[in-house]
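These notes concern the structure reproduced below.
Convention: sequence-line order gives letters A, B, ...; per-chain numbering from 1.
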2 protein chains.
Amino acid sequence: MTSPLDGYDLKLLAALQQDARTPQNELGDTVNLSTAAVNRRLKRLSEEGVIERYTAVVSPDALGYGLTIIAMVEVESEQIDQLDATRRAFAACPHVQQCYYVAGEWDFVLLFVVQHMEQYNGLTRELFFGNANVKRFKTLVAMSRDKVGQALPLLPG
Amino acid sequence: MTSPLDGYDLKLLAALQQDARTPQNELGDTVNLSTAAVNRRLKRLSEEGVIERYTAVVSPDALGYGLTIIAMVEVESEQIDQLDATRRAFAACPHVQQCYYVAGEWDFVLLFVVQHMEQYNGLTRELFFGNANVKRFKTLVAMSRDKVGQALPLLPG
DNA sequence: TCTGAAAATGGACCTTT
DNA sequence: AAAGGTCCATTTTCAGA
């Protein structure tokens, strides 16, 4: 399924993580490969799922989403049906950017993006108070987003 | 700086969040705008910073980054220099995908992506134990990544 | 909105290892 | 076979009328 990635692949991925619109001839210049070779590799990387998708990063501030909130949630029952239902409910909310099921003191960690506190309030009613399987939750308000993204470490180091 | 966004803009952003490689003529079809109009809008959205950048999402699993870890950190001193130094140290680590400075019981929330526990161990030594300003930290290991991304809610609903 | 030039993508085909 | 390179057709972008 996934043929092993060589140095070219890693460099290409690193470049595309930074700017997915770098033209293939430029990529070729920086990694020392012809445009066609780059093209083939990108095609392969997409087909194999190494590149999951291409996306535009939209500025939260430009859209008024000035608040990022991190919520930790403990559930009542970790029975699989209950858990899946809860998981799905969380993931389905557009304001939930990220949802992780975790081991430790808490069961879920959620990242919300909202316009103002009241909006978050509404969401807690809907997702937490409105869900019988949610036992308790804790809210952390982000005062600054020092680093965001999903870039992976790709180059040696 | 940021002219108000109309319904066309929002639809375009929504489409590009999903797939940044959708050609402009297709975008035009779905939002009912000519290719040129779409082109102009995208140019404007980029220039105004509404679209921050275009990026390729790389599969963590394909690269062996099977572990996502969430760490909460409390610092000794919230004095600004100390804080900034700590913040910078966290953000500079390639394994730190996200770093938020938060209000509440903790001061920082970090999202790590690593290949295995040992790697995380090394990072805690480097970033936490090796930083005199870190008072304590707590680790949550993600058992599943139910939702990831940075997509913003854009369409009414 | 339409038209056309320039740029970028992606396939065909050949060569090298 | 597997992967690179060159060349060319098609698609896409993007600016001017």
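- Asp9(A) has its CG atom 12 Å from the C1' atom of dA3(D), to the nearest Å.
- Using a 4.0 Å cut-off, some side-chain N or O of Asn25(B) falls inside it from OP1 or OP2 of dT12(D).
- Following chains of ILVMFWY side-chain contacts shorter than 4.5 Å, one cannot reach Val109(B) starting from Val96(A), and the two form parts of different hydrophobic clusters.
- Rounded to an integer number of Å, the gap from Asn39(A) CG to dT12(D) P is 14 Å.
- Residue Leu42(A) contributes atom CG, which lies 15 Å from atom C1' of dG4(D) at whole-angstrom precision.
- The heavy-atom pair separating Pro4(A) from Asp9(A) by the smallest distance is O-OD2, 4.2 Å.
- Comparing Thr35(B) and Tyr8(A) by the nucleotide of DNA chain D whose heavy atom lies nearest to each, the residue mapping closer to the 5' end is Tyr8(A).
- For DNA chain C, the outermost nucleotides in 5' to 3' order that have an atom under 4.0 Å from a heavy atom of chain B are dT1(C) to dG10(C).
- An OP1 or OP2 oxygen of dG4(D) is reached within less than 4.0 angstrom by a side-chain nitrogen or oxygen of Arg41(A).
- Mapped onto DNA chain C by nearest heavy atom, Ala36(A) and Glu26(A) fall at different nucleotides, with Glu26(A) at the one closer to the 5' end.
- Taking the nucleotide of DNA chain C with the nearest heavy atom to each of Arg40(A) and Pro23(A), the more 5' of the two is matched to Pro23(A).
- Annotation for Ala56(A) and Gln17(B): closest pair O-CG, 3.8 Å, computed over non-hydrogen atoms.
- Because its NZ or CZ atom is not both nearer than 6.0 Å to the ring centre of Tyr8(B) and within 45° of the ring axis, Arg41(B) does not count as a cation-pi partner of that residue.
- In this pair, Phe108(A) and Phe90(A) present their aromatic rings perpendicular. The plane angle is above 60°, beyond the 30 to 60° band.
- Going from atom CD1 of Ile51(B) over to atom P of dT13(D) covers 12 Å, rounded to whole Å.
- Taking atom CZ of Arg21(A) as the reference point, atom P of dT13(D) lies 7 Å away to the nearest angstrom.
- Closest non-hydrogen pair, His95(A) versus Leu123(A), comes out as CB-CD1, 3.6 Å.
- Nucleotide dG4(D) holds its P atom 10 Å from the CG atom of Leu12(A), rounded to whole Å.
- Atom-to-atom, CD of Glu48(A) to C1' of dA2(D) comes out at 14 Å; the value is rounded to the nearest Å.
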Item to complete: Begin with the C-alpha distance, continue with both residues' side-chain angles, and end with the deciding distance and a verdict on ring pair (Phe, Tyr, Trp, His ring centres under 6.0 Å) for Tyr65(B) and Phe112(B).
Response: CA-CA 10 Å; Tyr65(B) 288 111; Phe112(B) 288 89; over 10 Å; no
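- Across the protein-nucleic acid pair, Gln24(B) atom CD and dT13(D) atom C1' stand 6 Å apart, rounded to whole Å.
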